[in-house]
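Down below is the structure, laid out as structure tokens.
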Amino acid sequence: MFYTILKHTHSGTRWLLLLFLLVALVSALVKLSGKKEYTKSDKMSAMLAMSFTHLQLLIGLILYFISGKVVFSGESMQSDLLRFFLVEHIGMMLVAIVLITIGYSKIKKASDSSSKQKRTLIYYGIALIIMLAAIPWPWQQLGAAWF
């Protein structure tokens, strides 16, 4: 039961994370092209995206060690499903989380609005692309659902 709750929480929370990432990216793109100031709401959406990323990491790490889809064996590399969860999903997500964390730090340190928006677009944009590639979508036949 604990596993099921965590799995559904991890799967459902991804939608909030993707929403906050998109909000941060769209706002940065619109404001950069319009030469508008970086606001408190921009900072909040960037911070929420990073916070939900870290929440997903914590839940994901627990799942990594209790899931039946993660099998620590050389034979796991022969199976698309087991390899995906053992290596690909966690590896790509860790790269994306590192990018978002570094990006948020660089956004905070930037001195002007244009630099903050550019850093948001670069770091969060690359992380979003990696995350979208690493999510086990239902059509990939990896035993995952929409929620």
Side-chain angles (χ1 to χ4, degrees), residues 1-72 80-147:
M1 177 152 169
F2 178 67
Y3 171 76
T4 303
I5 291 169
L6 279 179
K7 187 174 94 171
H8 287 295
T9 302
H10 188 63
S11 184
T13 306
R14 78 175 146 183
W15 298 109
L16 291 172
L17 170 56
L18 292 173
L19 174 70
F20 290 126
L21 277 173
L22 286 173
V23 167
L25 286 166
V26 168
S27 177
L29 185 62
V30 167
K31 289 185 176 184
L32 185 62
S33 63
K35 296 183 173 42
K36 295 182 180 174
E37 289 298 310
Y38 189 87
T39 64
K40 188 175 180 178
S41 68
D42 297 324
K43 182 179 179 181
M44 181 62 76
S45 64
M47 192 240 349
L48 284 169
M50 186 188 68
S51 297
F52 272 88
T53 302
H54 289 173
L55 175 64
Q56 284 291 84
L57 172 63
L58 291 174
I59 297 169
L61 283 174
I62 295 168
L63 286 170
Y64 188 75
F65 291 104
I66 66 172
S67 173
K69 293 180 181 177
V70 177
V71 179
F72 297 97
D80 290 343
L81 172 78
L82 297 178
R83 184 185 62 246
F84 179 81
F85 286 103
L86 179 65
V87 179
E88 296 169 12
H89 178 69
I90 193 168
M92 291 171 67
M93 289 300 186
L94 284 172
V95 170
I97 291 164
V98 167
L99 283 171
I100 287 172
T101 304
I102 292 170
Y104 184 73
S105 176
K106 291 194 175 284
I107 292 164
K108 284 187 355 182
K109 291 178 183 177
S111 58
D112 62 289
S113 289
S114 176
S115 294
K116 289 177 188 275
Q117 291 153 352
K118 285 177 186 174
R119 290 173 185 184
T120 301
L121 286 171
I122 292 167
Y123 286 94
Y124 282 33
I126 294 170
L128 177 62
I129 291 166
I130 293 169
M131 283 182 173
L132 290 173
I135 291 173
W137 298 105
W139 61 82
Q140 291 176 303
Q141 307 301 318
L142 295 169
W146 290 105
F147 285 97

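Hydrogens, waters and symmetry mates play no part in the numbers below; they use all other heavy atoms, side chains included.
Residues S114 and L32 approach most closely at OG-CD1, 3.6 Å, considering heavy atoms. The minimum heavy-atom distance linking F84 with P136 is given by the pair CE2-CB, 3.6 Å. The heavy-atom pair separating V70 from F72 by the smallest distance is CG1-CZ, 3.7 Å. Nearest heavy atom pair, residue L82 against residue G68, reads CD2-O, 4.2 Å. Listed here is the closest heavy atom pair of A49 and L17: O-CD1, 3.3 Å. Taking each heavy atom of Y124 and G103 in turn, the nearest pair found is CE1-C, 4.4 Å.
Considering CD1 of I97 and OG1 of T53, their distance stands at 6.5 Å, rounded to 0.5 Å. Distance check, rounded to the nearest 0.5 Å: OG1 of T13 to CG of L18 gives 11.0 Å. Note that OH of Y104 and CE of M50 are 5.5 Å apart. Values are rounded to the nearest 0.5 Å. Atom-to-atom distance recorded for I62:CD1 and S67:OG is 13.0 Å, nearest 0.5 angstrom. In this structure, the separation between CE on M93 and CD1 on I90 is 10.5 Å, given to the nearest 0.5 Å. Annotation: the span from S115 atom OG to I107 atom CD1 amounts to 11.0 Å, rounded to 0.5 Å.
The shortest side-chain heavy-atom distance between I66 and L6 falls under the 4.5 Å cut-off. Between L19 and W15 there is no side-chain heavy-atom pair separated by less than 4.5 Å. For the pair L94 and L57, the minimum side-chain heavy-atom distance is below 4.5 Å. At least one side-chain heavy atom of I100 sits less than 4.5 Å from a side-chain heavy atom of L21.
Formation of a donor-acceptor pair under 3.5 Å by the S113 side chain with backbone atoms of Y38 is found in this model. Within the 3.5 Å criterion, the main-chain N or O of L63 finds no donor-acceptor partner in the side chain of Y3. Side-chain atoms of Q117 never come within 3.5 Å of backbone atoms of L29 as a donor-acceptor pair (strictly under, hydrogens ignored). One N or O on the side chain of S51 and one on the backbone of M47 form a donor-acceptor pair closer than 3.5 Å.
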Full working for side-chain contact (heavy atoms from CB on, under 4.5 Å) between T101 and H54: CA-CA 9 Å; T101 304; H54 289 173; 2.8 Å; yes

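Counting only residues at least two apart or on different chains, the salt bridge (charged side-chain N to carboxylate O under 4.0 Å, His left out) pairs with a member in residues 87-103 are R83-E88. Among residue pairs with one or both ends in residues 102-121, none qualify as salt bridge (charged side-chain N to carboxylate O under 4.0 Å, His left out); sequence neighbours excluded. Sorted by first and then second residue, the salt bridge (charged side-chain N to carboxylate O under 4.0 Å, His left out) pairs with a member in residues 56-68 form an empty list; sequence neighbours excluded. Evaluation of the salt bridge (charged side-chain N to carboxylate O under 4.0 Å, His left out) test over residues 20-36, restricted to residues two or more places apart or in two chains, returns K31-D42.
Judged as a side-chain hydrogen bond (donor to acceptor under 3.5 Å, both in side chains), and not counting sequence neighbours, T9 has no contacts. Y64 is linked by a side-chain hydrogen bond (donor to acceptor under 3.5 Å, both in side chains) to nothing, counting only residues two or more places apart in sequence or in another chain.
Between H89 and H10, the ring planes lie perpendicular to each other; the angle is over 60°, past the 30° to 60° tilted range.
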